[in-house]
Amino acid sequence: MKHLLKLEDWTTEEIMHCLNLADQLKYEQKHGIEHKHLKGKTLGMIFEKSSTRTRVSFEVGMTQLGGYPLFLSSNDLQIGRGEPVQDTARVLSRFIDAIMIRTFEQSEVEALAEYGSIPIINGLTDYCHPCQVLADLMTIREFKGKLEGLKMCFIGDGNNMMNSLIVGALRTGMSFSAACPEGYMPPEHILEFGKSFGDKFEIVTDPKEAAKNADVVLTDVWASMGQEEEKKIREAAFEGYQVNEELMTVTNEGCMVLHCLPAHRGEEITADVFEAHADEIFEEAENRLHAQKAVLVECLLDKKEEEITP
Ligand code: CP
Ligand code: NVA
């Protein structure tokens, strides 16, 4: 069974296949070519955190594929009142064809996959955001015509976005550099993953050092969902970790800027840089739709249909 629990689980070939399918589905949607690959299939979408892009793009994407998206807020599900995820997984597996979940703990996503019998797609956890990074890679390839050999740079928090970007960039032949303040680095095993790519991977504390000769710069909020109470401490820690015009002077000519959104202008990115790269950033947002449609097709059509005996 094919899941998307985290990007590490997908090989380079699987990632590239998904990006190619995403390009094709985008073309088909733009040209009015029918692509109802998931006719009659139902996607349950569990949200334990807020969302604009993930919810709308999965909901619209599933509809465009001929399927039915079912929005399941944790406020209404029994999971929000303590029903174990192991039981939720086994029950939902009998009603629907796949689950997309946005939650806090990565272990909850892994448990759904372990106990359920349908594909599970990670729509963001504290640990990673694989759907976003597939859309980011799709966007970079769309603007630059390739991924191999380009340099990706991330400025800011060693968070869910950065964890998935490290895997996505290095697996697709890009090099990766980042600047994070001390104490806000990614987890050790992600650093080990990066180090296994030798000099294609670098993490420093100086933003300008990281951004030197970059082809694409990314950043993300200083305080992620669930970290609101630490906002003041984080604002102090991340001071200077901003994508601004000064930082962009050391990047390669034509360097892109991407942001998963929502963006906090004046914090991790200036309004000027954001607006100068708005075409790239909003194409990136749109590509959530196309990349996730590809993920849905890859996961749901990969499911081996069990033989049904009367
Ligand atoms: N980038 C992203 O995942 O946006 P939402 O939180 O709005 O889904
Ligand atoms: N790091 C952010 C990403 C939002 C899409 C968060 O987890 O809130």
Side-chain angles (χ1 to χ4, degrees), residues 1-9 38-132 134 159-161 163-164 187 221 223-230 260 262 288-289 291-293 295-306 308:
M1 172 130 2
K2 193 172 172 95
H3 304 286
L4 179 55
L5 308 180
K6 53 188 182 301
L7 215 46
E8 296 92 298
D9 299 339
L38 300 182
K39 218 169 180 170
K41 305 272 187 193
T42 302
L43 174 73
M45 310 190 306
I46 303 176
F47 282 90
E48 299 190 40
K49 289 178 175 173
S50 304
S51 169
T52 298
R53 281 145 289 269
T54 306
R55 177 181 174 179
V56 177
S57 54
F58 265 108
E59 200 158 327
V60 170
M62 194 63 187
T63 308
Q64 289 179 358
L65 289 165
Y68 180 72
L70 192 59
F71 175 70
L72 302 166
S73 161
S74 62
N75 295 333
D76 307 326
L77 288 175
Q78 295 286 10
I79 210 169
R81 295 178 57 244
E83 182 170 15
V85 67
Q86 295 88 331
D87 296 356
T88 307
R90 283 176 284 189
V91 171
L92 291 182
S93 293
R94 289 167 184 258
F95 295 142
I96 60 182
D97 299 289
I99 295 173
M100 191 283 322
I101 179 165
R102 165 169 289 197
T103 190
F104 295 86
E105 300 286 333
Q106 178 69 17
S107 58
E108 194 174 335
V109 180
E110 309 272 345
L112 276 180
E114 186 182 343
Y115 287 91
S117 50
I118 53 175
I120 308 297
I121 298 167
N122 185 333
L124 180 145
T125 59
D126 291 349
Y127 172 66
C128 64
H129 199 0
C131 290
Q132 178 69 55
L134 288 170
N159 63 9
N160 43 13
M161 274 305 301
N163 291 339
S164 292
V221 290
S224 286
M225 289 181 274
Q227 297 173 331
E228 290 78 7
E229 283 180 11
E230 300 167 33
C260 62
R288 292 294 302 279
L289 170 70
Q292 287 160 196
K293 281 167 74 179
V295 170
L296 287 165
V297 171
E298 296 279 23
C299 291
L300 274 90
L301 293 189
D302 185 69
K303 184 170 178 272
K304 308 272 176 292
E305 300 294 342
E306 283 166 34
I308 300 169

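Here the side chains of Arg90 and Gln86 are in contact, with some heavy-atom distance below 4.5 Å. Residues Pro187 and Tyr127 have side chains in contact (heavy-atom distance under 4.5 Å, counting atoms from C-beta outward). Residues Ile79 and Glu48 meet the side-chain proximity criterion, which asks for heavy atoms closer than 4.5 Å. Counting heavy atoms from C-beta outward, Pro262 and Arg53 have side chains that approach closer than 4.5 Å. Counting heavy atoms from C-beta on, the side chains of Phe58 and Leu296 come closer than 4.5 Å. The side-chain heavy atoms of Ile120 and Ile101, taken from C-beta on, include a pair separated by under 4.5 Å. A heavy-atom distance below 4.5 Å is found between the side chains of Leu289 and Lys293.
In this structure, Ile99 CD1 and Leu72 CG are separated by 8.5 Å, a value rounded to the nearest 0.5 Å. Atom CZ in Phe71 sits 8.5 Å away from atom CE in Met100 (nearest 0.5 Å). With rounding to the nearest 0.5 angstrom, the SG atom of Cys131 is 6.5 Å from the CD1 atom of Ile121. Distance check: Cys299 SG to Ile118 CD1 gives 11.5 Å after rounding to the nearest 0.5 Å. Lys39 NZ to Leu65 CG: the interatomic distance, rounded to the nearest 0.5 Å, is 12.5 Å. Here Glu114 contributes atom CD and His3 contributes atom NE2; the two are 10.0 Å apart, rounded to the nearest 0.5 Å.
Taking the side-chain hydrogen bond (donor to acceptor under 3.5 Å, both in side chains) definition, one finds that Asn160 meets it with nothing, sequence neighbours left out. Remark: Phe104 engages no residue in a ring pair (Phe, Tyr, Trp, His ring centres under 6.0 Å) (not counting sequence neighbours).
The shortest non-hydrogen separation linking Ser93 to Ser117 is OG-N, 2.9 Å. Of all non-hydrogen atoms in Cys260 and Gln132, the two that sit nearest each other are CB-CD, 3.4 Å.
Proximity of a side-chain donor or acceptor of Thr42 to a complementary backbone N or O of Ile96 within less than 3.5 Å is not detected. A donor-acceptor contact shorter than 3.5 Å is absent between the side chain of Asp126 and the backbone of Glu105. Of the possible donor and acceptor atoms, none in the side chain of Ser164 sits under 3.5 Å from a partner among the backbone N and O of Cys128. Formation of a donor-acceptor pair under 3.5 Å by the Gln227 side chain with backbone atoms of Ser224 is found in this model. Without hydrogens or angle criteria, Arg102 side chain to Gly123 main chain gives a donor-acceptor distance under 3.5 Å.
Between the side chains of Gln106 and Lys6, no donor N or O sits under 3.5 Å from an acceptor N or O.
Around CD of Glu228, the count of heavy atoms belonging to other residues, nucleotides or ligands within 6.0 Å exceeds 12.
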Set out, in order, the CA-CA distance, both residues' side-chain angles and the distance that settles side-chain contact (heavy atoms from CB on, under 4.5 Å) for Val85 and Thr103, then state yes or no. CA-CA 12 Å; Val85 67; Thr103 190; over 6 Å; no
Stepwise side-chain contact (heavy atoms from CB on, under 4.5 Å) test for Leu124 and Met225: CA-CA 10 Å; Leu124 180 145; Met225 289 181 274; 4.1 Å; yes
Please lay out, stage by stage, how Asp76 and Arg81 fare under the test salt bridge (Lys or Arg N to Asp or Glu O under 4.0 Å). CA-CA 9 Å; Asp76 307 326; Arg81 295 178 57 244; over 6 Å; no
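Tested against Leu5 for a side chain to side chain contact (heavy atoms under 4.5 Å, CB included), the candidates Val109, Thr125, Leu112 yield a single pass: Val109.
Cation-pi geometry between Arg55 and Phe47 is not met: the NZ or CZ atom fails to fall both under 6.0 Å from the ring centre and inside 45° of the normal.
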